[in-house]
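First the structure, in the form of structure tokens, and then the observations on it.
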2 protein chains.
Amino acid sequence: MVDNRLDTLFLALSDPTRRGMLADLKGGEKTVGELAAPHRMSLAGASKHLGVLTRAGLVEQRKAGRQRLCRLKGERLREASDWLLQWEDFWNGRLDALETALREMGDG
Amino acid sequence: MVDNRLDTLFLALSDPTRRGMLADLKGGEKTVGELAAPHRMSLAGASKHLGVLTRAGLVEQRKAGRQRLCRLKGERLREASDWLLQWEDFWNGRLDALETALREMGDG
DNA sequence: TCGATTATCAACCATAAGGTTTAATATCAT
DNA sequence: ATGATATTAAACCTTATGGTTGATAATCGA
């Protein structure tokens, strides 16, 4: 049951096919067929992946004749990135979890 | 079939209970029981979530008597963050997908 | 209009995820 | 030693995911 926005986002990003599609979209708009081509799977399968990306707000589609052009929407990627940056201090080694705790006790 | 490192990472982050646990670990080391308490679910369930976090490399456990102390490991969060920062230009509005394509054609 | 192309929908299948409960294991306290 | 505490393991259930194929819908080209 994926209800939270971040759930949907991170779940969408957890599949290599979908991350590949996002990477392909860096080059600009692409049709569903073009996005599907590099991935060894049926067109319908690829279309479902695009559906996941679209519902996660990562991709936007517009009709162009009988094809559908997909483009990247960066805003949601930013939400994910913002969430991750909460922990910048930890991976920078500037803080270790215990240090943080002590510091907060001291400051509070 | 979660084989890729990023798959495991993003999948681990796609659950609100697990993100909550990571947040709780910002305050320093916590036992499994302490991490489980805020989440309305059995201890075994919470333990499984911690297993997911551990296998994703986001959490490390050490034995302390009969309890297990968990602490946050930032490195993997950084991997996820690094991956996301690829798209910084897009969400900053500095580039739009089409622009990028045109620019690359011009530069190449 | 007819057939080919592009994409989605529907139904289905196998497997994984998230949850439960009931053991099992290890450690502490008495 | 015994019993309580802390955690994981096993078995199980339900629902979600990722994939398939075949049908449907919309649009292009001739």
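Naming: A, B, ... by sequence-line order, numbering from 1 per chain.
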Just N and O in the side chain of [X]: are any of them under 4.0 Å from OP1 or OP2 of [N]?
X      : N       : result
S47(A) : dT8(C)  : yes
Q61(A) : dA7(C)  : no
R40(A) : dG19(D) : no

Where the side chain of [X] is concerned, which of [options] is the nearest nucleotide?
X      : options                   : answer
H49(A) : dT8(C), dG18(D), dA17(C)  : dG18(D)
Q67(B) : dA6(D), dT20(D), dG18(C)  : dA6(D)
M41(A) : dG18(C), dG18(D), dT20(D) : dT20(D)

Send over the distance from [X] [atom1] to [N] [atom2], rounded to a whole Å.
X      : N       : atom1 : atom2 : value
D15(A) : dG19(D) : CG    : C1'   : 11 Å
L50(B) : dT7(D)  : CG    : P     : 10 Å
K30(B) : dA6(D)  : NZ    : C1'   : 17 Å
L11(B) : dA16(C) : CG    : C1'   : 9 Å
L69(B) : dT27(C) : CG    : C1'   : 14 Å
R62(A) : dT6(C)  : CZ    : P     : 17 Å
R55(A) : dG18(D) : CZ    : P     : 10 Å
D7(A)  : dT15(D) : CG    : C1'   : 15 Å

Inset, instruction - Just grab all the salt bridge (Lys or Arg N to Asp or Glu O under 4.0 Å) pairs involving residues 13-25 of chain B, residues at least two apart or on different chains. - result: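 Pairs touching residues 13-25 of chain B that pass the test: D7(A)-R19(B).
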Inset, instruction - First locate atom CD of Q61(B), then atom CZ of R71(B), and finally report the distance between them rounded to the nearest 0.5 Å. - result: 11.5 Å
Legend entry - K48(B) vs E34(B), nearer the 5' end of DNA chain D by closest nucleotide: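 The residue mapped nearer the 5' terminus is E34(B).
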Just by distance, do the side chain of [X] and the backbone of [Y] share a donor-acceptor pair under 3.5 Å?
X      : Y      : value
E34(A) : T31(A) : yes
S81(B) : R78(B) : no
T54(A) : L50(A) : yes

Could you run down the sub-3.5 Å N/O contacts of the protein with nucleotides 21-26 of chain D?
{"from": "dA26(D)", "atom 1": "O3'", "to": "K63(A)", "atom 2": "NZ", "distance (Å)": "3.3"}

Legend entry - Under the side chain to side chain donor-acceptor pair (under 3.5 Å) test, residues paired with R62(B) that sit two or more places apart: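 Per chain and number, R62(B) pairs via side chain to side chain donor-acceptor pair (under 3.5 Å) with E29(B).
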Inset, instruction - With the side chain counted from C-beta on, respond yes when L6(B) and W83(B) share a heavy-atom pair under 4.5 Å apart, and no when they do not. - result: yes
